[in-house]
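Just below is one structure, and these are the notes that go with it.
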Amino acid sequence: MGISLSRRSISSAVTVALAACAVAVTAAPAPAAEAGGRPGGGGKPTVVLIHGAFADASGWNDVAASLLDDGYDVLAPPNELRGLASDAADVASLLKSIKGPIVLAGHSYGGAVISQAAAGNPNVKALVYVSAFAPDVGESPAELSTKFAGSDLAAALNQIPFTDRVGSGTDLFIQGEKFRSVFAGDLPESRTRLMSAEQRPVTLAGFAEKATAAAWRDIPSWFVVSRQDKAIAPDLERFEASRAKSRTVEIDSSHVSMMSHPDVVVRQIREAAGAADDGRGRGGAPGGGGGGAPAELAATGSHGQAVAAVGAVGAAALLSGAALTRFARRRGTR
């Protein structure tokens, strides 16, 4: 009778102990995105793609699709093209909502926007310029566009007055008959005809607005130079890449290299993302100044929670085992 009672009691105690362990494991909260922020892509940097003038975010379609297939979180927001300061402020606000490392890419005028938007944001680990403007403080895209010969853009522009809820100004469009030769000479005419019809203008004042920050001075950068670019002179792209100490590739492409050579652009972004992943993001890769050790992610989330849960389970098991041993001994002496 004494032995039988001990087994039933021991069985009950084991059940209680296992239940306590299960509760300890279940109680460990699952990892979740930080409140109010966008999560990163499974540990990979989030890639943010900023389009330029006379275009929209659909120009990034092939690049974005490839990166999404690779498991990256990708954002390609609209660039308002109303002014460098306001456009950069919009992008900077978006960047602040992203938790974890960021690779920020800009095409054409979008390069000027990312240079300003990334300044002071420690999460931006790499900048990728794609046939882009990369102004220094005090420079404007309009000023840079006259620095080297080779651009046919100025002669191809139409100036259209506008009035909106904020005020009035002048919008710049590329003339329809010149759009393909200046902007996208290596794409099919059937495609560029639609691109021309759907182009989004940039304001004349915004194009002439001077940069107040140059993030490429502190953040490592990558550059895609388009040798056949007729919108931004290839020599200007080379000059910008050289002074930013960017990792640079040159390709025989029109201005829209992310559309005609998306594989090359994707490789540059992947390389930039890899540098951010392995800690070469700030101050470690060629290009960009800046010092200091790479930022480390806090030991939070599933790893820390699992350790806590295992500790709780182990403690419960040890306590339960000790209690069962004492209980059995007491019963056995009766």
Side-chain angles (χ1 to χ4, degrees), residues 30-52 56-80 87-107 110-130 132 213 215-216 218-224 246-247 258 262-263 265-285 287-288 290 294-303:
E34 196 169 329
R38 300 172 185 265
K44 292 184 175 182
T46 297
V47 179
V48 180
L49 307 170
I50 304 300
H51 69 82
D56 60 28
S58 66
W60 291 109
N61 279 356
D62 291 340
V63 170
S66 182
L67 292 170
L68 287 167
D69 288 343
D70 285 345
Y72 290 94
D73 277 349
V74 179
L75 296 173
N79 183 1
E80 294 300 324
D87 295 339
D90 287 345
V91 173
S93 179
L94 171 68
L95 298 178
K96 290 175 184 176
S97 76
I98 300 171
K99 305 303 177 183
I102 300 166
V103 173
L104 183 56
H107 171 247
V113 174
I114 69 171
S115 293
Q116 189 150 321
N121 188 330
N123 281 353
V124 180
K125 304 300 183 183
L127 301 170
V128 182
Y129 293 93
V130 180
W216 49 263
D218 302 304
I219 301 174
S221 59
W222 281 251
F223 214 109
V224 177
S246 304
R247 292 188 176 187
M258 75 289 190
D263 53 332
V265 175
V266 168
R267 280 200 298 271
Q268 286 290 83
I269 292 174
R270 284 177 183 153
E271 184 177 325
D277 269 341
D278 67 17
R280 291 183 287 135
R282 254 174 208 281
E296 295 183 2
L297 296 178
T300 58
S302 58
H303 174 74

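None of these values were measured; they are calculated from a predicted model. Count residues from 1 along the sequence.
- The shortest distance between side-chain heavy atoms of Val74 and Trp60 does not fall below 4.5 Å.
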For Leu49 and Ile269, run side-chain contact (heavy atoms from CB on, under 4.5 Å): C-alpha distance rounded to whole Å, both residues' side-chain angles, the deciding distance at 0.1 Å, then the answer.
CA-CA 10 Å; Leu49 307 170; Ile269 292 174; 3.9 Å; yes

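- Val103 and Ala273 get closest at one heavy-atom pair: CG2-CA, 3.7 Å.
- A donor-acceptor distance shorter than 3.5 angstrom exists from the side chain of Asn121 to the backbone of Asn123, with no hydrogens or angles considered.
- When all heavy atoms are compared, the tightest approach of Ala126 to Trp222 is CB-CZ3, 3.6 Å.
- Here the closest non-hydrogen pair linking Glu80 and Asp90 is CG-OD2, 3.7 Å.
- Panel note: side chain Gln268, backbone Arg247; a donor-acceptor pair is recorded below 3.5 Å.
- Closest heavy-atom contact between Ala215 and Ile114: CB-O, 4.4 Å.
- Shown here for Ser221 and Ser246, the closest heavy-atom pair between the two residues is OG-OG, 2.6 Å.
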How far apart are the C-alpha atoms of Val48 and Leu94, what are their side-chain angles, what is the distance that settles it, and do they pass the side-chain contact (heavy atoms from CB on, under 4.5 Å) test?
CA-CA 9 Å; Val48 180; Leu94 171 68; 4.2 Å; yes

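- Counting only heavy atoms from C-beta outward, the side chains of Asp62 and Val266 never approach each other to under 4.5 Å.
- Using cut-offs of 30° and 60° for the angle between ring planes, the Phe223 and Tyr129 rings count as parallel.
- For the residue pair Arg270 and Leu67, the shortest heavy atom distance occurs at CG-CD2, 4.4 Å.
- Side-chain N or O atoms of His51 include one that pairs as donor or acceptor with a backbone N or O of Asn79 at under 3.5 Å.
- Separating the NZ atom in Lys125 from the CD1 atom in Ile219 is a distance of 9.0 Å, to the nearest 0.5 Å.
- Of the possible donor and acceptor atoms, none in the side chain of Ser93 sits under 3.5 Å from a partner among the backbone N and O of Ala89.
- Considering Ile98, Ile50, Leu95, Leu104 as possible partners of Leu75, the one that fulfils the side-chain contact (heavy atoms from CB on, under 4.5 Å) test is Ile98.
- Between Lys44 and Asp73 there is no salt bridge, since no side-chain nitrogen of the basic residue lies less than 4.0 Å from a carboxylate oxygen of the acidic one.
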